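Numbers here are sequence positions counted from 1. This one's a predicted model, so the numbers in the text were calculated from it and none came from an experiment.
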Amino acid sequence: MNKKIGNIFKGDKVIWMVFFFLCMISIVEVFSASSGLTYKSHNYIGPIVYHAGMIVFGAVVAVITLNIPCRYFKLMTPFLLLVSAFTLLWVLVGGQTINGANRVISLFGFTFQPSEIAKGTIVLAVAQILSAMQRENGADKNAFKWILWITLPTCLLIGLENLSTAALLFAVVFLMMFIGLVPLRQLGKLAAIIIFLGVTAISMVMIVGHDTTAEDKQLTKVEQTDKAKKKKNPLEKMLHRADTWKGRILNFGKNDVSPQDYDLDKDAQVAHANISIVSSGILGKGPGKSTERDFLAQAFSDFIYAIIIEELGIIGAAFVAFLYIVLLYRCARIASRCENNFPAFLAMGLGLLLVIQAAFNMMVAVGLAPVTGQPLPLISKGGTSTIINCAYIGAILSVSRSAKKNNEKNEIGYEE
């Protein structure tokens, strides 16, 4: 019996434990945080059944992925790059709008986010480039050029509708290049350009965007609609989300805002997230006993960490953060045992992708970063994101299997 179970749950056992704990926390907290969904649908068990089903399906995807030998991931890269490019262009033209942005595609009754596929694809491609162009003293200087040729267009397509995801992906690629020993001179120049472009982009957002939190309070819904239709400027059309970005920047910069000044449409999530954290205590209120879940529109997604803090307290929140730290540590350990460069870079890239996104989400929930719309990996309610994140875990476990085999062979050879 134990042998049969071991044949299913292959790979790094610590990562399997982290994955199990994150999934269990997800089921409990999403069930608690979905009170708004259950109230609207009058179906009190439907949302959690759907989410639990997605996690089970994701676990099956992880098991399937971990049984794919690492060398086959390389063969998938060209195909995934074509799929990512096609779907990212498709979502810009014919995607469904969620929270003011075209982010999902509907196909045969199912919806998925192309950006989720694109993130893993870029990590896969960058790992392959870094491994193929490694030299004795580090990566070839041409690796930098090839990585940017693939990464920049993808980040641009993602960033038009989801700036935070594009920034997250680029940060992961930058760290992968640093780990892959890309010349520091090239990385230094890139960092300077990023800072310059970042300042320029923020300036354009502040110029083009409208402070809806201040202006639209005085307008009726009809007047707001007429105002939106009057935007004829091509720059404003291209940066149609500038209003949202500007509002998030301004809201993040506010200090000591009095309760009566909070806009119920614009600031409610941040306000109620803060209330949930302040009212939590060391041990929290207990699972299912959150009160702020009824006021947070994205309690089951973007702000689920605030609900975790409210219900499980500081100890529970620290435990969740610790799980992600353990995940990244184990990815580093797996990478250090790999004989080949490609699986090592792939494991580190996917680990960084999951953990940095988790850090983004947690920082937003506790008020250390502006609202970004990033879900908490493997915990937040989701469809595509849940399945794709499980596939990432499966890929990391696949690398751990090959690394373990190579390590055992080396030990046997040493003994002989």
| query | Between Ile129 and Ile150, is any pair of side-chain heavy atoms under 4.5 Å apart? | reply | yes
| Centroid separation Phe319 to Phe21 less than 6.0 Å | yes
| request: Determine the minimum heavy-atom distance between Gly351 and Cys331, stating which atoms define it. | output: CA-SG, 3.8 Å
| message | Would you say that Leu354 contacts Tyr324 through its side chain, given a criterion of any heavy-atom pair below 4.5 Å between the two side chains? | response | no
| query | If you measure only the distance, is there a donor-acceptor pair under 3.5 Å linking the side chains of Gln374 and Ser164? | reply | yes
| Distance, nearest 0.5 Å, that separates CZ of Phe79 from OG1 of Thr121 | 9.5 Å
| Side-chain heavy-atom pair Asn340, Ser131 within 4.5 angstrom cut-off | no
| Verdict with supporting geometry, Thr151 and Phe170, side chain to side chain contact (heavy atoms under 4.5 Å, CB included) | CA-CA 7 Å; Thr151 303; Phe170 200 88; 4.0 Å; yes
| Pick from Ile309, Ile307, Asp302: which one makes a side-chain contact (heavy atoms from CB on, under 4.5 Å) with Tyr305? | Ile309
| message | With heavy-atom distances below 4.5 Å as the criterion, would you say the side chains of Leu22 and Leu376 are in contact? | response | no
| said: Is it the case that the side chains of Gln128 and Thr77 hold a donor-acceptor pair, with the cut-off being a distance below 3.5 Å and no angle test? | reply: yes
| said: What I'd like to find out is whether the side chain of Phe144 reaches to under 4.5 Å of the side chain of Leu148, using heavy atoms alone. | reply: yes
| task | Taking the side chain as every heavy atom from C-beta outward, state whether Leu130 and Asn341 have any pair of such atoms under 4.5 Å apart. | result | no
| remark: Cys70 and Ser398 have their tightest heavy-atom pair at N-OG, 4.0 Å
| query | When rounded to the nearest 0.5 angstrom, what distance separates CE in Met133 from CZ in Arg135? | reply | 6.0 Å
| Gap between atom CD1 of Ile48 and atom NZ of Lys381 - 0.5 Å precision | 9.0 Å
| message | Using the side-chain contact (heavy atoms from CB on, under 4.5 Å) definition, which of the options Val123, Ile122, Leu124 pairs with Val126? | response | Ile122
| query | How long is the span from the CG atom in Asp140 to the CH2 atom in Trp146, to the nearest 0.5 Å? | reply | 11.5 Å
| task | Measure the shortest side-chain to side-chain distance between Lys119 and Leu168 over non-hydrogen atoms and say whether it is less than 4.5 angstrom. | result | yes
| task | Working to the nearest 0.5 Å, report the span between CD1 of Ile393 and CG of Leu66. | result | 11.0 Å
| Whether over 12 other heavy atoms sit under 6.0 Å from Met17 CE | no
| What do the steps show when you test Ile308 against Ile379 for side chain to side chain contact (heavy atoms under 4.5 Å, CB included), and what is the final call? | CA-CA 10 Å; Ile308 290 173; Ile379 291 183; 4.1 Å; yes
| field | Spatial distance of atom CE (Met348) from atom CD1 (Ile396) [nearest 0.5 Å] | value | 9.5 Å
| query | Judged by modelled atom types alone, do Thr165 and Ser115 share a side-chain donor-acceptor pair under 3.5 Å? | reply | no
| request: Walk me through it: do Leu88 and Ile158 pass the test side chain to side chain contact (heavy atoms under 4.5 Å, CB included)? | output: CA-CA 7 Å; Leu88 286 174; Ile158 295 174; 3.8 Å; yes
| field | Intermediate values then yes/no, side chain to side chain contact (heavy atoms under 4.5 Å, CB included), Arg401 and Asn67 | value | CA-CA 9 Å; Arg401 285 185 62 203; Asn67 282 285; 3.6 Å; yes
| remark: Closest heavy-atom pair, Cys390 versus Ala59, reported as atoms and distance to 0.1 Å, is SG-N, 4.1 Å
| message | Between Phe303 and Val364, is there a side-chain heavy-atom distance shorter than 4.5 Å? | response | yes
